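Each remark here refers to the structure printed beneath this line.
Not measured: the values here are computed from a predicted model. For the numbers below, each heavy atom of this structure counts, side chains included, while hydrogens, waters and symmetry mates do not.
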Amino acid sequence: MIVQEHRNLAVLAGSQALFMTSATMIILLAGLAGLELVEDKALSTLPVAAVMLGNGLAMIPASLLIAKIGWRPGFILGAIIGVIGAIVAATGIYVSNIVLFVAGNFIIGGSAGFAQYYRFAAADLARPDFKSIAISLVLAGGVIAAFAGPELAKWSSDKLFSARFFGSYLAIAGLGLVAAAFLLLLDIPRLEVPDK
């Protein structure tokens, strides 16, 4: 039981690190990429606003869906939504279409609505005397992102393809795929939601 708890915590912490690495990259790059895609520079932060809007709109539906289908399927779905969003955003960059780029960032924000619940899953799986440590360990996965995100953004921004930031969004899609695969190892019993 304790081995399973520790494995689940490692999966959640790793997933949090991957999510936060992507989030850090998006914070660094969405506005810069937007700047290159619009003539009116006042609109360059629309992609960042789209991420925040997508996140805010997805959080409650994500929690309801996770309660219905379980932690693992919910988190995997969230990661796949992020992959789709990153591919849409990368396509927007490649074809120089700000609407497509903003839409992709909105979808990525929706995936973040799922990832916000990693810490709650940690609390759900941990023994009562271990809950606060479990939550801290999962959130500590974000510390890795503070280093990995900027480095990956710098490395991928224009080294892979001629369209600047295209490679970065492909890297974000790759992080989402790794997270989805990693989350297959998660084994938390389904939440029991009492009937009203």
Next on the checklist: Whether the side chain of S22 engages the backbone of L18 through a donor-acceptor N/O pair (distance < 3.5 Å, no angle test) should be reported.
Outcome noted: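 Checked: pair present.
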Checklist entry - Can any side-chain N or O of R72 pair as donor or acceptor with the backbone N or O of L183 at less than 3.5 Å? => result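 Checked: no pair found.
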Do [X] and [Y] share a hydrophobic cluster (ILVMFWY, side-chain heavy atoms under 4.5 Å, transitive)?
X   : Y    : value
I87 : I76  : no
V95 : V99  : yes
L53 : V102 : no
M25 : F166 : yes
L28 : I108 : yes

Taking side chain as C-beta onward, heavy atoms only, is [X] less than 4.5 Å from [Y]?
X    : Y    : answer
F106 : L57  : yes
I81  : I107 : yes
N97  : L37  : no
M59  : N55  : yes

Item to check | Hydrophobic cluster (4.5 angstrom, side-chain heavy atoms) - remaining members for L35 | outcome: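 Its cluster mates, by chain and number: none.
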Using 0.5 Å steps for rounding, measure from the [atom1] atom of [X] to the [atom2] atom of [Y].
X   : Y   : atom1 : atom2 : result
I98 : I93 : CD1   : CD1   : 9.0 Å
L46 : D40 : CG    : CG    : 9.5 Å
T24 : F19 : OG1   : CZ    : 9.0 Å

Item to check | For F75, all residues meeting ring-ring contact (aromatic ring centres under 6.0 Å, His included), sequence neighbours excluded | outcome: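 With sequence neighbours excluded, F75 shows a ring-ring contact (aromatic ring centres under 6.0 Å, His included) to W71, Y118, given in chain and number order.
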Checklist entry - Which heavy atom in A90 sits nearest to a heavy atom in L170, and how many Å separate them? => result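 Scanning both residues, the minimum pair turns out to be CB-CD2, 4.1 Å.
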Checklist entry - Can you list every side chain to side chain donor-acceptor pair (under 3.5 Å) pair that touches residues 100-115, not counting sequence neighbours? => result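 Every pair satisfying side chain to side chain donor-acceptor pair (under 3.5 Å) with a residue in residues 100-115: N105-Y169.
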